[in-house]
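Take a look at the structure below.
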Amino acid sequence: MKTSWRSASLVASAAAVLALTTACGQDSPPAASQNVGATAAPGDYGSIGSGTAGTAGGAATGQPSAPSASSPSNPAGKLSVSTAEKVGKVVTDSLGLTLYRFDQDTAEPPKTNCDGDCAKTWPPVPADDAEAGEGIDKALLGTVTRADGTKQLTVGGWPAYRYAKDVNAGDVKGQGVGGKWYALAPDGKKAQGGAGAGAGAGAGGEAVQAGLSTRNDAKLGEIVVDKNGMTVYRFKKDEAWPKPVSNCSGACLEKWPLVEPVDFNDTKGIQKKGYMIFDRTDGKGKQQTINCSPIYTFAGDKAPGDTNGQGVGGTWYAVRPDGKLVGASE
């Protein structure tokens, strides 16, 4: 009996140690992967403005999705009006994809200020073949000539865009992004009934996306983004086990702002294991982790979809939904 009791006790102790080890550590060593990041001096911003814009892709679950919104050749077809939960009536194209407007554009006269990487994340809607469907006033439809000579659809004078993260009919993930992007109401004004699908309200009632979610990047694959669609990173010099420790402070935090705590219920596609917050030791409050690793954004990323922080100094990398580094070994 003594032997059996002693054996059971040892087994229980070993299980407890194992549970502690895997809670904030790795179940197994991550497979080495090719470094797809940039080469830059430690702490350098890298090539600011040359990030990779987000692109739409099929969901990781393998569920069917609408044709890619990011293709600039997708015609608008017959426009219609849809009612989005918490947003209200919005203009959609023939595929059911939501159309958006940009606060930095102008309507009188129509002018677009979204080019380059911005236009990859927010593909302009071609004016060709666009027609007014039920609920759309034909007189409000027009065109604007872009810098490359192509014609872009306008609604009420405002240039119309799709959002690369909207991959299914009815998605309104672009609502309130950056406080500058809003779904188009049928009269060309902003649809401001509230946050879009998977979104919440930010400071001052501004509509934003879910606190943390993922997107499929053309070069990096599925990566974590914050409520504004900005890429989330990890610092290789941080510690995750036996408890999270951030080794980025002072000037480092000015370049790599910490991600503040986000309730797990306000995330989408993020691994729950190891999802926790911790108290920083530099007086900067609490910080969010994924798989116990502290997470940050990058001041050098200027628009949703930018990945300028990838590989900076050989120590900063985008994050997988399970908290692992993109393009680097642990």
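Values reported hereafter were calculated over all heavy atoms of this structure, with side chains retained and with hydrogens, waters and symmetry mates removed.
Tested against Thr214 for a side-chain hydrogen bond (donor to acceptor under 3.5 Å, both in side chains), the candidates Arg320, Glu222, Lys165 yield a single pass: Glu222. When the options Ile136, Thr98, Val125 are evaluated for a side chain to side chain contact (heavy atoms under 4.5 Å, CB included) with Val91, the one that passes is Ile136. Considering Asp301, Val326, Val224 as possible partners of Tyr233, the one that fulfils the side chain to side chain contact (heavy atoms under 4.5 Å, CB included) test is Asp301.
Under the 4.0 Å criterion applied to side-chain N and carboxylate O atoms, Arg280 and Asp282 are assigned as salt-bridge partners. The existence of a salt bridge linking Asp266 and Lys227 is excluded, since no basic side-chain nitrogen approaches an acidic carboxylate oxygen closer than 4.0 Å.
Between the CG atom in Leu141 and the CG atom in Asp137 there is a gap of 7.5 Å [rounded to 0.5 Å]. In this structure, CD in Glu254 is found 10.0 Å from SG in Cys248, a value given to the nearest 0.5 Å. The structure places SG of Cys292 at 12.5 Å from CD of Glu239, a figure rounded to the nearest 0.5 Å. Of the inter-residue distances, the one linking Arg215 atom CZ with Lys268 atom NZ reads 15.5 Å to the nearest 0.5 angstrom. To the nearest 0.5 Å, atoms CH2 (Trp316) and CG (Asn308) are separated by 14.5 Å.
Side-chain contact check for Ile295 versus Leu212: some heavy-atom pair is nearer than 4.5 Å. Two residues are said to be in side-chain contact when any heavy atoms from C-beta on lie closer than 4.5 Å; Gln310 and Tyr317 meet this criterion. Between Leu153 and Leu99, some side-chain heavy-atom pair lies under the 4.5 Å cut-off. Side-chain contact between Gln152 and Tyr161 is present, with heavy atoms from C-beta onward closer than 4.5 Å. The closest side-chain heavy-atom distance from Leu258 to Leu253 is below 4.5 Å.
Checking Ser293 against Asn291 by side-chain atom types alone, no donor-acceptor pair falls below 3.5 Å. Between the side chains of Thr267 and Tyr275, no donor-acceptor pair is found at a separation under 3.5 Å.
Scanning both residues, Val144 and Pro159, for their nearest heavy atoms gives CG1-CG, 4.2 Å. Heavy atoms only, all atoms of each residue included: Val155 and Ala185 are closest at CG1-O, 4.4 Å. Nearest heavy atom pair, residue Thr154 against residue Pro110, reads CG2-CB, 4.2 Å.
Trp181 has its ring centre no less than 6.0 Å from the ring centre of Tyr163. Residues Phe102 and Trp122 place their aromatic rings such that the two centres sit no closer than 6.0 Å.
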Margin query: The test is salt bridge (charged side-chain N to carboxylate O under 4.0 Å, His left out); show your working for Asp103 and Lys190 and say whether it passes.
Written below: CA-CA 9 Å; Asp103 278 359; Lys190 302 177 186 178; 3.1 Å; yes

Item checked: Chi angles and distances behind the side-chain contact (heavy atoms from CB on, under 4.5 Å) call for Ile223, Val232 -> CA-CA 8 Å; Ile223 59 176; Val232 168; over 6 Å; no

Item checked: Step-by-step side-chain contact (heavy atoms from CB on, under 4.5 Å) determination, Cys252 to Tyr296 -> CA-CA 11 Å; Cys252 176; Tyr296 312 77; over 6 Å; no

Item checked: ring-ring contact (aromatic ring centres under 6.0 Å, His included) between Trp256 and Phe235, intermediate numbers included -> CA-CA 9 Å; Trp256 303 90; Phe235 186 32; 7.8 Å; no

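The side-chain hydrogen bond (donor to acceptor under 3.5 Å, both in side chains) search around Lys89 returns none, not counting sequence neighbours.
At a threshold of 4.5 Å between side-chain heavy atoms, the hydrophobic network of Ile, Leu, Val, Met, Phe, Trp and Tyr places Phe264 and Phe278 in two separate groups.
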